[in-house]
Amino acid sequence: MSKLILSSELNEPQLKAVRTIEGPVLIIAGAGSGKTRVITYRIAHMLDKGIPQSAILALTFTNKAAREMETRVKELTRKKMQSLTVCTFHAFGLKVISENYELLGYRKNFSIYDETDKMTLIKESLRECKMFSPKINLYELSQYFSKIKTGLAKWTDDANMQSVYDEYQSGLKIYNALDFDDLLTIPLALFENHDDVLQKYRQKYKYIMVDEFQDTSFLQYRLMKLLAGSENAKGGPHCCVVGDDDQSIYSWRGANYENILMFEQDFPSRIEIKLEQNYRSTTTILDAANGVISHNTGRKEKNLWSPKEGGKPIELFYPENERAEAGFIADQITQLKIMEGFNYHDIGVLTRTNSLAHNIEEAFLAENIPYRVSGGTSFFQRKEIKDITSYLRIIANSDDDVSLLRIINTPRRGIGKTTIASLNEISSKNKISTWGSIMRLNYSRAGGQLFHDSKSATELEIFAEKIEGWKTLFLERKSQDGKPWRLSQCVRTLVDDIDYWSYLVSEHSKDEKKARWKFSNIEYFIRMIEYWESDPDNLDAGLYPWLNRISLITRDDGEDDNEGKVNLMTIHAAKGLEFPVVFIAGAEDGLIPHEKSILEEEENNEYSSIQEERRLFYVAITRAREKLFITSAQKRRYLQSEKECSPSPFLDEIPKELIIYHEKKSSIATEEEAEKYIAKMREMFN
DNA sequence: GCCCCCGCCACGCGT
DNA sequence: TGGCGGGGGC
């Protein structure tokens, strides 16, 4: 990459950010200021200077961002990126744990528990402690446990939950499982307690970069700081963080934008660079965004400006209800495509919650608008996919109780509640997993004595034999019928063996369509494996790498075939993305800001939750390049009843002169427009 | 002892 | 819309 290219494609501060590769660097990058561009050019520049790929560690917030960054560096340098490490903090933590599992006291092939698995285990722990009640909010308890684990909360008056937490923790250990918090706390403890290990990683990763720094947690910050090392006479560690305090929207997950202040304190010799030129949006959109965000206090000073003078006004519409809203959005999209030549993939529809996407999806289906939903109940959370994944996890790690209990009687094989209760008794008495108990029963031939009928014992034996059989198939990786071993083929065999299709048919005897739909999801899952194992860059297409991969990808971004599809997603999921046209749906009081955050605000008596909601709205606005539509329904169906809504108070913070109010009329108002429309329609259908 | 069906509840963002 | 627990049927 020549100097010429660098200076012609980057502005002055960007150039400085790219060229400053030594020492600590703090980049404050406003929305749309070419942040991703700077990071990728910076990596390319480092490689150009002869820094080996393996010495660079780039930490991102989502898998998607990591993938995009890698692709862009590849395009820029036209080189293979085999030893460049670009990943999320969690993926990096997993890598560190995998490389040191023996030292950490874990067995190979541990399972990673997502939020659902975690809640299942907490429920089990509550039962074990005789404290289970359906009234307990598992979700809240799970979040509380997270805060305890990551040091954000201390045991207070509900110290009786401490025994449940201990039970949960010992459960994880017995089942050879880790939760998401462990992926950060364990590497951190490892680095803190084993200096030799830390030094090894410090030697390897001499250049560290952190994207979306405002959304890193204190834990992640400490991890980065440890890896970077402290400042020394030679000019300090080579760590570069990039962030924007105005786009901090993950504080509920432990993110703390004060990390930016902490970085300034911890690295006094840092070089600070501000990227303030916005390349994305028109001034109309930028002025609206600035109007909103200026109501927040305690911001880092910045002056975001755009050379794209003017632009189309922001269109505001108050539909009667959520159906009218969805219809309006679908109509507008059709018109944007036909009349203004936008592509479907130029359009992003953003909502505060996942559930709001539903109505909009229906309208898209009705009007034949191709779309793609990202986020939400992920593909991997669907029951049928979780079932198959649980089988795979049991094959990789039989001690994984959450997965074992999920599939031990799915499809039904006559192992019911009583049998499982007996197994539980053996397990908790001996502090072993359920699988351990089954093995003990089978080998001691005591099964017949333990159960009233030997039928249960026999069923357990058959089940264990099946699992053992699959272990051979999946883990020994022998070629079959002269063909090389393939994971996808093994999964096919597994799905056949358990006859999942018959199970689906019997479960949905009244709804064959549903059964077929679910089975097609499994087929899609298998095709995903095929796609993944045929990637030449994939050096180990085995069961364990696949499981690791899918446990960290909760958001279903699948293959990147967004071509020709409208993007439907939450505002959170839209972070880091941009679209020529953006719709913000459900801009109502109670949604933006969300009523739960208003509640939080009242409880804590702190002026912080509302500020974060405002930042969220700011992020939503700044995703737009040319056109922005905002809808706020007058009534909305929620929890089976219709609720009167009022517009989001944030709408008042947008300067009035930037807005036009949409009447409920077709934009094909003039005869000329109508003719144009008809002509276009003819063209399309011919 | 296992399974099926019914009624109840909840639904903020996601690694 | 679905997930889950409890009670009754087999």
Side-chain angles (χ1 to χ4, degrees), chain A residues 59-66 87-94 112-116 118-120 123 127 132-135 137-140 142-143 146 150 178-184 212 215-217 219-220 248-255 350-358 374-378 380-383 386 409 412-422 451-453 455-456 459 506-507 509-510 514 550-557 569-575 586 590-600 609 612-613 615-616 619-620 636-640:
Chain A
L59 295 164
T60 60
F61 197 69
T62 60
N63 296 291
K64 194 178 188 172
C87 61
T88 62
F89 270 99
H90 287 83
F92 179 70
L94 173 60
I112 295 159
Y113 281 178
D114 66 18
E115 205 56 42
T116 325
K118 186 181 171 190
M119 288 199 280
T120 312
K123 199 200 272 172
R127 288 218 169 95
F132 180 75
S133 135
K135 278 182 195 157
N137 187 327
L138 280 174
Y139 182 73
E140 273 173 20
S142 161
Q143 287 198 320
S146 247
T150 56
L178 305 170
D179 64 20
F180 275 120
D181 299 319
D182 287 330
L183 295 179
L184 301 175
E212 306 285 9
D215 285 324
T216 52
S217 64
L219 229 54
Q220 291 169 328
S248 161
I249 53 173
Y250 279 92
S251 74
W252 50 275
R253 222 178 68 185
L350 313 184
T351 55
R352 173 66 229 263
T353 66
N354 281 303
S355 54
L356 290 181
H358 232 92
S374 53
T377 327
S378 139
F380 297 102
Q381 298 284 354
R382 292 192 175 138
K383 189 190 176 297
K386 271 229 130 177
N409 204 29
R412 299 193 204 299
R413 48 174 72 89
I415 304 176
K417 284 188 188 112
T418 324
T419 311
I420 291 167
S422 314
F451 297 105
H452 274 285
D453 59 330
K455 191 176 151 283
S456 304
E459 297 291 356
S506 66
E507 283 293 289
S509 47
K510 285 167 204 153
K514 197 167 186 177
I550 61 171
S551 14
L552 293 181
I553 301 178
T554 40
R555 251 210 274 148
D556 167 32
D557 2 59
M569 61 181 77
T570 63
I571 302 172
H572 281 92
K575 190 168 100 132
L591 280 169
I592 310 176
H594 199 274
E595 55 184 348
K596 293 215 174 165
S597 81
I598 301 171
L599 219 71
E600 258 167 29
S609 303
E612 175 144 326
E613 294 292 306
R615 287 194 293 269
L616 191 60
V619 167
R636 187 176 292 278
R637 246 180 69 137
Y638 183 70
L639 289 174
Q640 276 136 349

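Chain A is the first sequence line, chain B the second, and so forth, proteins listed ahead of strands; every chain is numbered from 1.
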Between protein and nucleic acid, restricted to nucleotides 6-10 of chain C and to nitrogen or oxygen atoms under 3.5 Å apart, what atom pairs and distances do you find?
none

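- Contact between the side-chain N/O atoms of A/T62 and the OP1/OP2 oxygens of B/dT15 is not found at any separation under 4.0 Å.
- Counting to the nearest Å, the P atom of B/dG12 and the NE2 atom of A/H594 are 5 Å from each other.
- Closest to the side chain of A/R412, from the set B/dT15, B/dC13, B/dC4, is B/dC4.
- Candidate nucleotides B/dC3, B/dG14, C/dC4 were compared by shortest atom distance to the side chain of A/N409, and B/dC3 ranks first.
- Rounded to an integer number of Å, the gap from NZ of A/K118 to C1' of B/dT15 is 11 Å.
- Among the protein residues, A/R352 comes within range of the nucleic acid bases, having at least one heavy atom under 4.0 Å from a base atom.
- Applying the ring-ring contact (aromatic ring centres under 6.0 Å, His included) rule to A/Y113 yields no partners; only residues at least two apart in sequence or on another chain are considered.
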- [ ] List the steps, then state whether side chain to side chain contact (heavy atoms under 4.5 Å, CB included) holds for A/S248 with A/D215.
- [x] CA-CA 6 Å; A/S248 161; A/D215 285 324; 4.0 Å; yes
- [ ] Would you please test A/I249 and A/I571 for side chain to side chain contact (heavy atoms under 4.5 Å, CB included) and show each step?
- [x] CA-CA 10 Å; A/I249 53 173; A/I571 302 172; 5.6 Å; no
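- Here B/dT15 presents its P atom at 15 Å from CG of A/L94, a figure rounded to the nearest Å.
- Residues that satisfy the salt bridge (charged side-chain N to carboxylate O under 4.0 Å, His left out) test with A/R412, not counting sequence neighbours, are A/E507.
- The aromatic ring of A/Y250 is not stacked on the base of B/dC13, since the criterion of ring centres less than 5.5 Å apart with planes inclined by under 30° is not met.
- Residue contacts for A/E612: at a heavy-atom cut-off of 4.0 Å it reaches no nucleic acid atom on any strand shown.
- Following rounding to the nearest Å, A/I420 (CD1) and B/dG1 (P) show an atom-to-atom distance of 13 Å.
- Distance A/H358 NE2 to C/dG2 P: 8 Å, rounded to the nearest Å.
- Separating the CE atom of A/M119 from the C1' atom of C/dC4 is a distance of 13 Å, rounded to the nearest angstrom.
- Residue A/T88 places its side chain closer to B/dT15 than to any other of B/dC2, B/dC3, B/dT15.
- Within the nucleic acid shown, A/E115 comes within 4.0 Å of at least one base atom, counting heavy atoms only.
- For B/dC13, one of the phosphate oxygens OP1 or OP2 lies less than 4.0 angstrom from a side-chain nitrogen or oxygen of A/N354.
- Sequence order on DNA chain B of the closest nucleotides to A/E613 and A/F61 puts A/E613 first from the 5' end.
- One atom, CG of A/L184, and another, C1' of B/dG14, lie 13 Å apart when rounded to the nearest Å.
- Looking only at distances, no side-chain donor or acceptor of A/Q220 sits under 3.5 Å from a matching main-chain atom of A/F89.
- When distances run from any side-chain atom of A/Y139 to the nucleotides B/dG14, B/dG12, B/dT15, the shortest one goes to B/dG14.
- Residue contacts for A/F89: at a heavy-atom cut-off of 4.0 Å it reaches no nucleic acid atom on any strand shown.
- For A/E115, the salt bridge (charged side-chain N to carboxylate O under 4.0 Å, His left out) test picks out no residue, with sequence neighbours left out.
- Listed by chain and residue number, A/D181 satisfy the salt bridge (charged side-chain N to carboxylate O under 4.0 Å, His left out) test with A/K118 (two or more places apart in sequence, or in another chain).
- With B/dG14, B/dG12, B/dC2 as the choices, the nucleotide that has an atom nearest any side-chain atom of A/T419 turns out to be B/dC2.
- Residues satisfying the salt bridge (charged side-chain N to carboxylate O under 4.0 Å, His left out) test with A/R127, not counting sequence neighbours, are A/E124.
- Between the CZ atom of A/R413 and the P atom of B/dC3 there is a distance of 11 Å, given to the nearest Å.
- Mapping A/L616 and A/I415 onto DNA chain B by nearest heavy atom places A/I415 closer to the 5' end of the strand.
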